[in-house]
**Q** 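The structure is given below, and queries will be raised subsequently.
Lettering follows sequence order; numbering is per chain, from 1.
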Amino acid sequence: MAGGRTINVLNVAEKPSVAKSVAGILSRNQGLRTRDGRSRYNRIFEFNYSINGRPCHMLFTSVTGHLMELEFEERYRKWHSCDPADLYQAPVRKFVPEDKLDIRRTLEEEARRCQWLVLWLDCDREGENIAFEVVEVCTAVNPHLTIRRAHFSALIDREIHEAVQHLVEPNKWFADAVDARQEIDLRIGASFTRFQTILLKDAFIIDSATDDRNLVLSYGPCQFPTLGFIVERYWENQAHEPEEFWTINCSHKSDEGIATFNWMRGHLFDYTCAVIIYEMCVQEPIATVTKVRQQEKLKYPPYPLNTIELEKRASRYFRMSSEHTMKVAEDLYQAGFISYPRTETDSFSQRTDLHAIVQEQQRHPIWGSYAQQLLDPGAGLWRNPGNGGHDDKAHPPIHPTKFFSGENGLSQDHHRLYELVVRHFLACVSQPAVGAETNVEIDISGELFSASGRVILSKNYLDVYRFESWGSSLIPTYVSGQQFTPTSLTLDSGVTRPPPLLSEADLLSCMDKEGIGTDATMHDHIKKLLDRFYATKDSNTRFSPTNLGEALVMGYDDMGYKLWKPYLRAVMERDMKAVSEGTKSKAEVLLTSLQQMKACFLDARLNKVKLFEAMGIFFERSNRSGGDEQHAHGEVVRQCGLCQESDMVLRRNRDGNFMVGCLAFPQCRNAIWLPGSVSEAVVTTDICNTCTPGPVHLIQFKFRQLEIPPNYNANHLGCIGGCDEILSQLIEICGTGSRVPARGRGSTASSSGVQQSNSRPGEARRSACIYCQQTVHSSSDCPSHVSGSRSAQYRGMNPQTGDSSIPCSTCGTPCTLRTANTVTNRGRKFYSCPSQNCNFFVWEDNLNNGTGGRSVRSAGMNISASNSRRSSSRGRGGRGGAHAASTTFVSATGDPISGRRCFVCGDPSHFANACPNRGS
DNA sequence: GCAAGGTC
């Protein structure tokens with residue numbers, strides 16, 4: 001085998017930089033000649049080498065990624081040339097596009113005079129596919145070529161020399177998997193894009209686009225799930241119903257400073273329960289220190305930097321878009337300042353000379369001294385970097401490759417990104433920060449509170465990684481068993497907040513987690529959503545869907561298709577894996593996958609009215625198209641009391657359930673959900689003579705008899721204005737047809753079963769009372785709507801007792817059974833006195849087990865109150881008047897205050913939580 | 001005028 005005639009070997013890498021590196025390594029830069037090819041970027045390197053003892057003249061060149069593209073044959077290229085459904089079987093072909101023709105010419109010219117072709121493409125599926133594209137071009141001009149594949153996992157001498165001595169066959173399965181992916185993406189993308197663009201573009205006045213003639217309503221298996229993440233979070237954000245909660249805070253001031261103790265229960269949603277616990281604490285406000293724990297805490301530096309992490313951090317630290325970040329990183333890479341920026345790898349190979357990279361930075365005026373310290377063994381700052389667990393086997397983590405003093409003409413963003421890469425790298429090879437933490441737990445009347453303080457002992461990596469911080473806080477010294485009187489003990493209220501809109505970093509995380517796009521393309525998908533007017537990004541890098549984006553997702557969602565979810569991509573990814581492992585053939589996957597997608601496409605087209613309806617919610621119809629699809633507007637019931645601009649109309653929601661909603665949706669989200677048992681509803685010309693502001697049209701309802709209690713009539717002429725007891729009861733009994741989670745329509749039913757909601761972005765929302773439209777209370781607490789007759793009508797509804805009301809033990813008014821809707825007690829039944837001046841309150845299950853009005857259960861703990869009236873203190877401070885507990889309150893200073901008063905200032909008109917002097 | 005994936 002050794003010796004023999006010298007052969008010419010054509011070597012092809014995926015990109016010019018790899019061709020240069022590998023040629024340099026193999027030639028050891030001895031006798032390496034370089035010349036231009038046909039393409040200005042892809043030079044040709046020449047040197048002599050020997051493979052397995054055989055003398056070779058090596059020609060080393062490159063492509064720039066894929067050499068070929070997949071397209072439909074000419075006659076299917078024009079949008080109106082065929083039915084989009086035909087695109088599932090229209091013939092496709094691979095071809096070398098115009099801008100790659102010069103690369104093809106280089107390959108052809110060099111291949112003609114070679115005997116071997118060695119493929120040095122990246123070792124992943126795409127790389128293998130590109131390898132076959134190169135093979136196709138080269139064997140077309142020289143069918144006698146011997147084809148070989150080099151397998152290498154890093155551009156390191158030993159790897160490369162080993163790879164060339166152990167050449168293998170290229171892997172067709174890998175290439176097939178990519179072929180299948182390309183074909184499926186093309187057919188789905190083109191068919192849905194043409195379909196929805198042609199259907200909707202001219203049918204509506206889509207004002208988001210500057211020039212809607214060029215508007216393309218694209219669909220893609222990556223861009224739509226990315227939009228889906230944004231819309232879904234937006235809906236969660238909009239649907240959030242703020243819920244009030246209660247927490248007890250304690251502080252203690254001593255000569256050494258202040259400690260703030262947090263209630264270890266966190267917070268409770270049940271005011272009654274919180275206030276009882278609070279009162280118990282206030283009764284005996286002596287804190288006993290139960291635990292003092294001191295321990296060393298480490299804060300570790302980040303893992304080595306890969307592409308997604310670079311994008312996320314640049315977004316977080318500099319608010320740079322991922323797309324811009326990659327452009328800047330590419331410039332820095334081209335200029336030789338940083339390593340290859342498209343990498344999944346977040347761990348350094350053991351062979352990387354990390355010290356040499358640090359040495360380069362020693363002369364930097366700002367972080368140079370830190371680099372020097374790192375290299376000083378006496379300083380003990382060095383630590384081998386962590387392993388993030390990802391390795392694409394092609395590139396190292398992003399790191400600085402050359403010292404950049406900053407004086408050349410690059411922009412501020414280039415400087416900032418270079419700084420991030422350098423500081424991140426220096427942080428990675430540094431010791432973690434060390435802190436001493438103290439945790440103190442105290443007990444007040446059986447309730448536990450904790451406080452913590454931290455002292456930073458050594459900042460280590462935080463000295464160079466200025467983007468991260470670790471706060472320190474001092475608290476006084478405590479010893480176990482010590483007792484003290486708190487300086488303040490307050491019952492504070494708060495409200496739950498909606499989940500925030502997705503930031504760019506969040507969005508990248510979602511995509512990464514669900515496998516949408518690759519590290520090199522994620523930023524493209526995000527940018528595409530902005531370019532297509534599907535989403536917008538605010539100054540805080542948070543994404544919201546535009547009306548267009550929301551309407552499209554809503555339309556497909558209404559069809560019941562999860563085309564906007566990541567599942568489709570996940571299924572495709574599984575199929576690709578099966579092809580690359582040889583367990584499924586490319587043909588098999590293409591056949592089944594395209595069959596399913598075509599069926600889905602045809603079905604979506606049958607249901608196009610859903611897309612129309614969704615678009616109709618947000619956009620006006622244009623007269624440019626025939627307008628064959630009717631957009632049902634519904635019949636007017638009354639004027640909207642919330643926006644006071646539009647009418648409330650009777651409609652069916654997409655599940656077929658009836659609702660009365662504001663025509664101004666989505667600007668106004670006011671809605672009244674009707675009982676799920678309504679089978680028919682028609683707005684009549686009859687006007688309600690009690691409800692104001694009028695006119696409120698009565699609705700003729702027909703209920704499904706089996707779904708309502710026997711004593712109710714299936715036919716009912718009802719009013720949604722608030723006067724209709726029967727309707728309210730049926731809503732309470734049967735529930736409504738609202739969907740959970742709803743898209744901004746309120747996600748939980750209130751105890752009356754009637755939901756009202758109205759939200760605009762950035763505006764906090766509170767349910768409005770159905771009866772009087774006020775927002776200060778919910779419908780169940782409406783003062784205009786409690787009457788003695790109400791409880792009478794409930795009689796006979798409870799089969800166990802035969803009576804669902806009990807007399808109030810205080811004032812005798814009948815109390816009706818209601819259902820709680822708090823997080824801690826959702827679904828639990830209770831009685832409460834409807835009288836405005838009375839606060840009697842008791843859980844139904846406590847009545848049944850004989851503890852009526854005596855105990856409140858929450859958070860898995862039973863707390864018995866000594867005074868039965870205490871549990872009646874519902875509502876906020878000041879409402880307790882008639883039933884004030886006769887407990888003795890003790891102020892924080894230990895002075896007794898008799899009667900039910902604010903323990904901060906002693907004023908009987910309010911409680912401490914509402915005290916204007918609190919905190920002073 | 002359409003996708004997503006390489007890369008310049």
Side-chain angles (χ1 to χ4, degrees), chain A residues 12-19 39-43 62-72 76-82 84 87-88 90 92 94 96-97 99-100 102-103 121-122 124-134 174-175 177-198 201-202 209 211-226 307 326-327 329-331 333-335 340-343 392 394-395 511 515-528 531-532 563 568-569 572-573 576 597 601:
Chain A
V12 183
E14 191 161 319
K15 40 193 163 273
S17 62
V18 172
S39 143
R40 57 183 282 225
Y41 299 110
N42 307 84
R43 293 171 65 79
S62 56
V63 288
T64 46
H66 277 287
L67 187 57
M68 296 180 165
E69 279 178 15
L70 189 69
E71 248 307 353
F72 294 107
Y76 294 90
R77 300 273 271 271
K78 287 235 177 339
W79 275 41
H80 291 278
S81 65
C82 67
L87 297 177
Y88 285 91
V92 288
K94 265 194 162 186
V96 179
D99 61 339
K100 298 284 173 74
D102 45 8
I103 298 178
L121 288 304
D122 291 357
D124 51 26
R125 292 204 304 242
E126 295 294 334
E128 213 65 18
N129 189 272
I130 300 170
F132 279 87
E133 294 173 355
V134 172
F174 270 42
V178 172
D179 279 344
R181 197 263 309 146
Q182 286 178 342
E183 196 175 324
I184 294 169
D185 282 348
L186 176 65
R187 293 186 190 279
I188 296 176
S191 58
F192 273 94
T193 301
R194 289 184 193 182
F195 156 67
Q196 62 186 27
T197 305
I198 293 168
K201 191 177 95 168
D202 289 330
D211 177 11
D212 67 2
R213 287 189 186 286
N214 295 328
L215 189 70
V216 174
L217 306 186
S218 65
Y219 176 87
C222 284
Q223 50 178 276
F224 246 58
T226 306
T307 303
M326 289 314 289
K327 202 172 168 307
E330 180 66 29
D331 291 343
Y333 166 66
Q334 293 292 335
Y340 190 68
R342 285 181 287 275
T343 175
D392 63 13
H395 305 285
M511 296 171 76
I516 301 300
T518 67
D519 51 309
T521 60
M522 285 180 189
H523 65 270
D524 285 333
H525 301 311
I526 296 175
K527 182 164 184 292
K528 184 150 277 175
D531 291 346
R532 296 278 190 232
L563 290 169
L568 177 64
R569 196 74 194 167
M572 278 170 66
E573 196 52 44
M576 297 311 103
M597 279 313 296
F601 175 81

**Q** For T518(A), enumerate each residue passing the side-chain hydrogen bond (donor to acceptor under 3.5 Å, both in side chains) test, keeping only those at least two apart in sequence or located in another chain.
**A** T521(A)

**Q** For dA3(B), does OP1 or OP2 lie under 4.0 Å from any side-chain N or O of S218(A)?
**A** yes

**Q** For dG1(B), does either OP1 or OP2 sit under 4.0 Å from a side-chain N or O belonging to H80(A)?
**A** no

**Q** Counting only side-chain nitrogens and oxygens, does R532(A) get under 4.0 Å of the OP1 or OP2 atom of dA3(B)?
**A** yes

**Q** Just N and O in the side chain of R125(A): are any of them under 4.0 Å from OP1 or OP2 of dA4(B)?
**A** no

**Q** Taking the basic N atoms (NZ, or NE/NH1/NH2) and the acidic carboxylate oxygens, is any pair closer than 4.0 Å for K100(A) and E69(A)?
**A** no

**Q** Counting only side-chain N and O atoms of Y340(A), is one of them less than 4.0 Å from OP1 or OP2 of dT7(B)?
**A** yes

**Q** Can a side chain N or O of T521(A) be found less than 4.0 Å away from OP1 or OP2 on dG5(B)?
**A** yes

**Q** Side chain of R569(A), heavy atoms from C-beta onward: which of dG1(B), dA4(B), dG6(B) has the nearest atom to it?
**A** dA4(B)

**Q** Using OP1 and OP2 only, check whether a side-chain N or O of T518(A) sits under 4.0 Å from dG6(B).
**A** yes

**Q** For T226(A), enumerate each residue passing the side-chain hydrogen bond (donor to acceptor under 3.5 Å, both in side chains) test, keeping only those at least two apart in sequence or located in another chain.
**A** none

**Q** Can you label the angle between the F192(A) ring and the F601(A) ring as parallel, tilted or perpendicular, going by 30° and 60°?
**A** perpendicular

**Q** On a plain distance test, is the side chain of E71(A) in donor-acceptor contact with the base of dC2(B) below 3.5 Å?
**A** yes

**Q** I'd like to check, for W79(A), whether its ring lies over the base of dG1(B) with centroids under 5.5 Å apart and a plane angle smaller than 30°.
**A** yes

**Q** With a 4.5 Å limit on heavy-atom distance, are the side chains of M326(A) and D524(A) in contact?
**A** no

**Q** Would you indicate which nucleotide in dA3(B), dT7(B), dG6(B) comes nearest to any side-chain atom of D185(A)?
**A** dA3(B)

**Q** Is R342(A) close enough to dG6(B) that one of its side-chain N or O atoms is under 4.0 Å from OP1 or OP2 there?
**A** no

**Q** If you compare every side-chain N and O of Q223(A) against the phosphate oxygens of dA4(B) (OP1, OP2), does one of them come in below 4.0 Å?
**A** yes

**Q** Look at the side chain of C222(A) and decide which nucleotide, out of dG1(B), dC8(B), dA4(B), has an atom nearest to it.
**A** dA4(B)

**Q** Whether K528(A) contacts dA3(B) is assessed here as follows: a side-chain N or O lying under 4.0 Å from the phosphate OP1 or OP2. Is that the case?
**A** yes

